[in-house]
Amino acid sequence: MEHAPRSTDRPLACVVMAGGKGTRMRSTLPKVLHPIWGRSLLGWVIAAVHEAGADRIVVVVPPDAADAVAAVAGDATTVVQPDQLGTGDAVRCALPALEGFDGDVLIVSGDTPLLTAELLSDLLAAHAASGAAGTAASFRSDDPAQYGRVIRGADDTIRIVEAKDATAAELAVNEVNAGLYVFAIDALRPALAGLTSDNAQGEFYLPDVVPAIAATGRAVRAAEISDASLLLGVNTRVELAEAAQLLRYRIIEAHLLLGAGIVDPTTTYIDVSVELEPDCVVHPFTILRGSTRLASGAEAGPHSVLTDAILEPGAQAGPFAHLRAGTHLYAGARVGAFAETKNAEIGARSRIPHLSYVGDATIGEDSNIGAGNITANYDGEQKHRTIIGNRVRTGSDTVFVAPVEIGDDAVTGAGSIITHDVPAGALGIARARQVIKEHYAKRKRDA
Ligand code: UD1
Ligand code: CA
């Protein structure tokens with residue numbers, strides 16, 4: 001993805017608040033690690049923040065999630081918030097990790113996966129343009145409910161009042177605090193140090209840094225965001241599903257605009273890491289996962305699942321194909337109905353048209369695997385490879401007991417259990433000879 005241009009040369013750090021317990025997810029998995037299209041909730045936030053130009057990212061997590069989050073946080077630093085004392089406390093916990101940093105700090109929540117780099121860049125641009133020491137993103141809401149209210153004062157400065165602390169007049173305000181901010185760190189540090197928890201919830205409120213900064217004679221302003229859907233926060237699995245749906249279309253729309261053919265976006269599921277070249281085609285009811293890549297002219301689906309698979313130009317998988325990790329279809333290769341592949345190199349123009357399992361295998365070019373072929377790749381302890389050459393024709397229901405190798409132009413007889421290599425050009429046949437018992441039906445009847 002392209003990096004959005006930064007509107008200022010000031011260094012940018014980011015604090016991701018993810019210290020909440022996420023109990024409403026009713027899950028043993030920490031909330032911010034729930035996956036959406038191959039990336040965690042937190043991963044989506046970090047990607048947007050990175051793209052917006054943050055050089056240093058600090059993620060604040062609860063103690064029990066520290067190890068799991070650190071494992072996926074990449075070059076972001078994780079810090080533990082020992083007790084959940086509020087958003088102000090969360091950011092305060094992040095400060096030691098920003099020791100020596102001088103610049104702006106973007107503050108986001110770890111559970112808002114719809115944030116875009118564009119939105120963050122707009123916020124940073126508004127912050128830079130106004131020259132304020134702090135800028136809080138706000139939006140208009142018809143149902144402001146529990147959101148903090150943004151109360152605008154003289155000279156475009158603001159206060160933020162939590163709903164639980166607000167007067168009736170303040171509650172009537174429909175401009176609300178998005179929970180997304182940028183502060184000059186030299187204004188933020190002393191303001192955080194002076195926070196108290198003297199409020200309705202007994203918490204250290206991050207928005208209370210606003211009056212503290214104002215008291216030093218520096219301004220904090222609000223920047224109104226028009227598309228509030230980008231701020232959707234995930235607290236329950238209902239909201240997780242809602243966010244996933246929106247991100248699903250975002251991924252698909254980006255591919256469509258770059259020329260990939262996606263026949264039915266409503267039944268197509270594509271991980272964020274999948275690569276689609278222009279003029280590939282994804283048919284309905286298809287799931288593309290992980291590092292799957294479809295070259296131009298390749299087709300996947302309908303009703304297929306592809307994980308970490310590569311389809312070269314003109315390759316086809318489907319209908320009803322299951323391509324597992326490490327499947328590589330070279331140009332014009334085909335995997336058809338009810339076939340499963342794994343860790344398999346399938347050479348140019350080779351075909352596995354139906355009802356087969358091909359795992360830990362290498363198939364050359366222009367070979368045809370008959371219906372119902374199985375590579376018996378596992379002896380109960382180890383996996384072994386099946387190697388099939390070029391222009392091979394395998395009979396229906398061939399079982400390859402690996403390790404085994406079939407030479408170029410070789411043929412196997414239908415129903416064969418191939419336990420030994422078949423040399424190039426040879427026929428391998430391994431099955432009991434047919435026995436004919438004449439007049440069997442009559443004899444049975446007369447008995
Ligand atoms: C906060 C704002 C509110 C704003 C709303 C927008 C405060 C006091 N209020 O409300 O003005 O309208 O966001 O969604 O900031 N977190 C921690 N540690 C904590 C508490 C929270 O890391 O001790 C994290 C949460 O994991 C979450 C984020 O901070 O990612 C926001 O916390 P949340 O409880 O959702 O904020 P609200 O109190 O609802
Ligand atoms: Ca709260």
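Read the numbers this way: they start at 1 and go in the same order the structure lists the ligands and their atoms.
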Look at ligand 1 and say whether Ala18 reaches it with a heavy atom at a distance under 4.0 Å. yes
If you measure from atom 7 (C) of ligand 1 to every heavy atom of Val234, Thr87, Val91, Thr112, which option wins on shortest distance? Thr87
For Arg92, does the CZ atom have more than 12 heavy-atom neighbours from other residues, nucleotides or ligands under 6.0 Å away? yes
Do Asn199 and Glu162 pair up side chain to side chain, a donor and an acceptor below 3.5 Å, judged on atom types alone? no
Within the 4.0 Å heavy-atom cut-off, what Glu162 brings close to ligand 1 is side chain
Checking the N or O distance criterion of under 3.5 Å, is ligand 1 in contact with Leu206? no
Gln81 N/O to ligand 1 N/O under 3.5 Å: yes
Could you list the atoms of ligand 1 found under 4.0 angstrom from a heavy atom of Ala90? 17 (C), 18 (N), 22 (O)
If you count heavy atoms of other groups shown closer than 6.0 angstrom to CG of Asp67, is the number above 12? no
Indicate whether any N or O donor in one side chain lies under 3.5 Å from an N or O acceptor in the other, for Asp264 and His283. no
Ring pair (Phe, Tyr, Trp, His ring centres under 6.0 Å) pairs, two or more places apart, involving residues 111-144: Phe139-Tyr147
Please confirm whether Val176 approaches ligand 1 to less than 4.0 Å, judged on its heavy atoms. no
Take atom CZ in Arg289; do more than 12 heavy atoms of anything else shown fall under 6.0 Å from it? no
At a 4.0 Å threshold, what atoms of ligand 1 neighbour a non-hydrogen atom of Pro207? 7 (C), 8 (C), 15 (O)
Taking C-beta and beyond as the side chain, do Lys342 and Lys383 meet within less than 4.5 Å on heavy atoms? yes
Just distances here: any N/O of Tyr181 and N/O of ligand 1 closer than 3.5 Å? no
Proximity to ligand 1 by part of Asn235, non-hydrogen separation under 4.0 Å: neither
Asn177 versus ligand 1: do any nitrogen or oxygen atoms come within less than 3.5 Å of each other? yes
Under 3.5 Å, N or O to N or O, is Gly20 touching ligand 1 that way? yes
Answer yes or no on whether Arg248 is positioned over the face of Tyr269, meaning its NZ or CZ is under 6.0 Å from the six-membered ring centre and within 45° of the axis. yes
Thr341 side chain to Thr327 side chain, donor-acceptor N/O pair below 3.5 angstrom: yes
With heavy-atom distances below 4.0 Å as the criterion, list the atoms of ligand 1 near Gly148. 3 (C), 4 (C), 11 (O), 12 (O)
If we only count N/O pairs under 3.5 Å, is Gly86 in contact with ligand 1? yes
Polar proximity ligand 1 side, Gly19 side, N/O cut 3.5 Å exclusive: yes
Distance-only check: which donor-acceptor pairs under 3.5 Å involve side-chain atoms of residues 179-198, not counting sequence neighbours?
from: Tyr181; atom 1: OH; to: Asn177; atom 2: ND2; distance (Å): 2.9
from: Asp186; atom 1: OD1; to: Arg218; atom 2: NH1; distance (Å): 3.4
from: Arg189; atom 1: NH2; to: Leu98; atom 2: O; distance (Å): 3.0
from: Arg189; atom 1: NH2; to: Phe101; atom 2: O; distance (Å): 3.4

What atoms of ligand 1 come closer than 4.0 angstrom to any heavy atom of Leu85? 23 (O)
